[in-house]
Amino acid sequence: MASNSSGGGSDRQRIAQQRLRIIAGHLRRPVDVDSTILAAECKAQDSKTDVSSEGKTVPRRRQEIMKWNGWGYSDTKFLFNKKGQAEFTGKRYKLSGMIMPALKDWLEDTFGTNLQHKSPATPILTSSAVQPPTLNEAFVEELKSTGIPFSHDAEDRVFRAHGHCLHEIFALREGKVGRVPDLVVWPNCHNDVVRIVELACKHNVCLIPYGGGTSVSSGLECPPEETRSIVSLDTSQMSRILWIDEKNLTAHMEAGIVGQDLERLLNESGYCTGHEPDSMEFSSLGGWVATRASGMKKNIYGNIEDLVIRVKMVTPQGVIEKSCLGPRMSTGPDIHHFIMGSEGTLGVVTEVTMKIRPMPEYQKYGSVVFPNFEQGVACLREVAKQRCAPASIRLMDNEQFKFGHALKPQVSSMFTSFLDGLKTFYITKFKGFDPNCLCVATLLFEGHREKVLQHEKQVYDIAAQFGGLAAGEDNGQRGYMLTFVIAYLRDLGMDYYVIGESFETSVPWDRVLDICRNVKLRIIQECKDKGVQFQPLASCRATQTYDSGACVYFYFAFNYRGLSDPVHVFEEVEHAAREEILANGGSLSHHHGVGKLRKEWMREAVSNVGMGMLKSVKDYVDPNNIFGNRNLL
Amino acid sequence: MTDTCQHSGGAGPENEEEFVDILEERRLRSDLGHALRTFRPSPYKGGPSCSAADLPKIVLESQHLRYVVKEIATETGASPEEVREEASAILEEMSQNLQLGFIRLLGYIFTKVFKRLFTSINVNMEGLKALQQAIQESPVILLPNHRSYVDFLVISYIMFTYDIPVPVIAAGIPLAGMKIVGAIIRRSGAFFIRRAIGSDKLYWAVMSEYVRTIIKTGFAPLEFYVEGLRSRTLKSLMPKLGMMHMVLEPYFKGEVYDIQLVPISLSYDRVLEESLLALELLGVPKLKESTTGLLKASKVLQDDYGIMHVNFGRPMSVRRLCRGKINLRQYNLIPRDLPQKPRAEAQACVSWLAHLMVRIQEEGSLISPWSLMACLLLQAPTAVLTEQGLPWHQLTEKTIWLRKLALDFGARLNWPAQVPDPDVMSSAVALHHSVVRREAGRVYLVREEEPERKRPISPEEDVIRSAAAVLMMVSYRNQSLHLFVRPALLATAIGVTKTAQRDELFAFFCFLRDVFSNEFIFIPGESSQDFEEACVLLRKCGAVHISEQEVTASDAGLEALSFLQALLQPFIDSYQVMFRFLCEDKVHVFAEKQFLPAVRNLATKLILSGELHTYETLSSDTQKNVLSALRRLETLAKLESSEQNEYRVVNKAAVRRIGDILSGKIPPQMLQAAPDAKL
């Protein structure tokens, strides 16, 4: 049942517009009103037609809008302008075009960087750095006859050979390219995928599914030991919403749709999925399913496993899918759980039926300042105990609080700056909070207006019991906006000898404080032991609350001047940090997945038998290892 | 050089530490001024500081204690409130009440007393500086050895003087019972622990939670004796593991990032309690700690006790030490507050660490010239020492020789460089006038004055008189035993087995190490390292040649080898006497109370008959060590039911076999090189 109507009145549209501005891509381009929601059979298109002008966010040639060796859009980045002030270029984000006067000092103070000491990236990719493709001629011949577009252009291949791990981006910036796919193919629909997989099996070609390319687990890296031709199966052109079922509040999508398009298109009909991982601008629905993704607002909408009703995946053995849309079933182990988290080792997710919700009537941001991190965690724990967590609640530690401050844009009026001063004075002097200890929680409430206000009061009352002070909507909103901007900042750091990464875990409540402290100290100690000349940044935040625990996110970065092999040092420290996490009762991953980066701990994480179960599924579904990215197992 | 030297953070004898006499300044300035000095310590930065009054509250409200209270209430049928009250009472009995005022008072008294007793108190400032730094970074555990009542609180005194947070100290409960003194030391940071806790679950829970809370909150540095108590023999004791485990648990469970262990070695030229200790070892009952007893003891304050050395070891990170020794993930699956029996892996790790700490204490202690002289004096027949005396020049020549050997072995010697050697030895003898006297170029053992009595004393009584003097000397010899023990085991192996085969020697070495591991401190699982160390040291002093297959005694090394073998001989002889006793037909089940006097009688007889040459068999310490060793070797069993420490000989054949191996009746080929099989 296709739906093109927006369903609600003008109010809904207004909210939709507002949401578009805030969350989704922050694109300037006016929204295409003739939305792409249609329930048409796909037609394989002529491979010569350029589809980039079709109004999709993600063109086939990603390089047209995105960086090849950094995060995000080509037109958007941080830089130091002629005056030596930090500036965020482009027009896509709220922060775009603004100047952040405090960022320079923060960088210098935190990392010991110096604007004179630059470590610029190789500007362009030299195709000579890329190995010529190893093509399986028979496969290519038959693929040609299907009419499915493909390419063995060097840029196209390099683009699909990496995710966004530090070592991947670092190598690209140095112009170094390792093993890359030999061919990129762009299926247009489920049937295209079926055909490609059949051909791959027939000709023994290695397939690596590619969605949004935002992996941070080395999941997209081509195994160097792979001798067969590697074909990157890019799902980005399978990005249609096939139907919306307003009676059951579900929608059926092609798996290549990226988060921002999904939300935008659903919003136009007055709906949303509510699934908003931090990478949602670029990450795809299929990728979420394949890695067990988690969204910022899971407290209301749930994580991906709660949202998915039905999945279609093409495997070498055929298509796996359930036979109905029942909301829950008792039919043995849930076969979806073989699919979710399979990380591209079993097949390609092509279509997903997912829950949708009417767009929330009202949204409100908020923030609370706590005298210290301990109090903040205690508050989050209490909120979780009372099961009254807002759509999102995140607690940043002191380092991140300071970092947030460094990203404050130049204030336009004297009055605002005066007010800021007053606030600071009130908190630090009047309330006696130590600026080097205090931390801040950001909140997002969603729902009916009255309920939101009620809910807000409940949460603030709890916060007050733990010494929390309400710190305004602005701080909260800025916190969430920064989520999308922060990824760009790593590229700036890398221009000045600073490398960094984030990683995550989930941990029982009683261990949250211990794990945060121990992992941060471990990072600092390891950096010292490994000869890092400057004090590293080790920072964390609790980003999700659950009944029995929380998700903790760590940021870690350091100035690598003076190190001969910074990436190696970095990886050693990261490895040590993961060991520390596991020793402190943290999980191997909460939502980033295992990929190849965390594979070595997999057996311990799921036990020998568990590993055997997963292996036997792989052996049955894909005996010839067609899906040969070698993730997970 | 040796493996364990690495552990001590490079503070080996190569880079000799600079010691400063802390009494020097006290002698120049006002004692009161010192006591009232401004005290500005830099405390632990990591934890939320909490007051002494908060501590019991945190302990009582802990989840751990709540679990245990509930459990006990269910088991005993008492109400949870009653159990909680009981816990509260235990805590009250236990708690310290650290107050700066009392530290000042103590500082005042100590300055007065120390100035009178000691020529100087030498402290290594580098170690103190490192400690000051460590205390700011992580919870710190101070692990001094305990050789005299005097050293209780001496660490606090030094830390007060140098602006380092004053520690809380685990002390035995008898101290708490002393009038006034108990109260003072409680307020100086001591907390009190019952001796035999056994299976008292509630006590155990309260104590462990109390200790953990001190560490987790970073309340203050924690000081305890890893040896458990004061060594009566001046020899290191087997470490006690209970407290060590409690202390390490917060690290194992991830509740703190790291813990720093600071082994501290206190060494005395002369110990105040020397004669009391010897009598105690001979079965004269120990005086109960009491204030009046302390006052009576004040006459000993008139004497000179030479130098006291306090050597602060470098802080050692538990995190680094435990790397690869324990998998902390085992603590992730059960709530950390639940009382749990430690797993074998954790126990092994704690035991290893505890032994390591004692070894580092040993390495850090300073060996006095007198201790070397005592080693040599004891190798002369006792009759010679009491009757003819030993020629002074013979003793001094041999001592100079021994000094060279000790230095070869890496000793920290306290041998003043600027004084002529003869003077050094003369003043050592003068300081120990209670044990030896020098007359007309000869050295004699000093025995207690014969009481005026009608009848002449019996030969048995005479033996005890000599024994008291010998055991005093033994304790000073013991101060340097750790230095020689590994080479001595090898020398004995060479001497007894008469073989040069390296693997056979190793097997015998391991056997000796196993038998004597209640006597000397060996780190569990490191027998190969110990053997290696012994080989290296003996080669260094030229006593042996070493090839891949063989270890052969060199002609030039006979002096060293026979000295080392003789050093171990009293232990071997004493053990043999007791093995013989236990193998007698009539002995099956016996109480420790009966065993000690029975062995004493037997040994006295053997000494009088000239069959036994050592008086050390009379020492209750040696006697108890034999019981522990045989229990460890599973030839003796302690009866669970009995409260009297009753033992049963389970395997006489095995006891006999151990004796036969010791005496060389069983060739080393029959031994299996199974290092640490029993550990």
Side-chain angles (χ1 to χ4, degrees), chain A residues 370-378 381 397-398 434 436-437 466-467 505-526 528-530 538 540 548-549 552 572 575-588 600-607, chain B residues 9 44-50 54 58 61-64 66-67 133-134 136-139 212-213 215-218 248-260 315-338 340 343 345-346 349:
Chain A
F370 292 98
N372 55 46
F373 194 65
E374 288 77 13
Q375 294 282 72
V377 170
R381 204 280 161 267
D397 70 357
N398 183 260
D434 180 348
N436 291 315
C437 289
F466 296 91
T505 188
S506 54
V507 64
W509 276 116
D510 74 312
R511 285 196 174 257
V512 171
L513 279 178
D514 292 331
I515 207 171
C516 289
R517 177 194 58 238
N518 291 354
V519 171
K520 287 200 272 184
L521 287 171
R522 177 75 181 263
I523 289 170
I524 291 168
Q525 189 188 321
E526 291 286 335
K528 202 168 147 197
D529 293 352
K530 304 268 179 316
C540 69
S548 68
V552 179
E572 280 186 335
H575 188 273
R578 182 58 62 183
E579 287 283 349
E580 190 65 34
I581 285 175
L582 297 174
N584 282 273
S587 62
L588 189 49
E600 60 171 296
W601 293 288
M602 190 58 188
R603 183 173 294 275
E604 199 184 348
V606 300
S607 80
Chain B
Y44 175 45
K45 288 184 228 160
S49 53
C50 73
D54 291 342
I58 299 175
E61 283 167 11
S62 71
Q63 186 72 47
H64 172 225
R66 272 190 273 167
Y67 275 127
Q133 189 62 36
Q136 295 174 46
E137 283 160 12
S138 35
R212 277 202 296 258
T213 307
I215 291 168
K216 285 193 301 200
T217 55
L248 296 178
E249 226 182 0
Y251 167 70
F252 290 160
K253 292 185 170 176
E255 292 163 327
V256 295
Y257 178 71
D258 199 358
I259 294 172
Q260 303 278 342
M316 298 168 85
S317 151
V318 168
R319 181 173 269 268
R320 274 179 210 275
L321 288 170
C322 290
R323 195 176 288 165
K325 298 248 174 223
I326 183 169
N327 184 352
L328 299 182
R329 287 169 219 179
Q330 63 185 281
Y331 294 96
N332 290 341
L333 300 177
I334 299 170
R336 292 179 291 175
D337 307 310
L338 272 184
Q340 275 178 71
R343 290 205 203 173
E345 193 195 18
C349 181

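Letters go in sequence order (proteins before strands), and every chain restarts at 1.
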Checking side-chain hydrogen bond (donor to acceptor under 3.5 Å, both in side chains) for the pair B/E137/B/Q260: CA distance, chi angles, key distance, verdict? CA-CA 9 Å; B/E137 283 160 12; B/Q260 303 278 342; 5.4 Å; no
Heavy-atom pairs under 4.5 Å with chain A are the metric here; pick the option from B/V256, B/D258, B/N332, B/L333 that has the most. B/N332
Does any heavy atom of chain A fall under 4.5 Å from the side chain of B/D337, the backbone, both, or neither of them? neither
Within the distance-only criterion (no hydrogens, no angle test), does the side chain of A/S506 pair as donor or acceptor with the backbone N or O of A/S587 below 3.5 angstrom? no
For A/D434, all residues meeting side-chain hydrogen bond (donor to acceptor under 3.5 Å, both in side chains), sequence neighbours excluded: none
Heavy-atom pairs under 4.5 Å with chain B - which of A/K520, A/R517, A/R511 has more of them than the others? A/R511
Please classify the contact between A/E374 and chain B as side chain, backbone, both or neither, with a heavy-atom cut-off of under 4.5 Å. neither
Please name all residues satisfying ring-ring contact (aromatic ring centres under 6.0 Å, His included) with A/W601, sequence neighbours left out, ordered by chain then number. A/H575
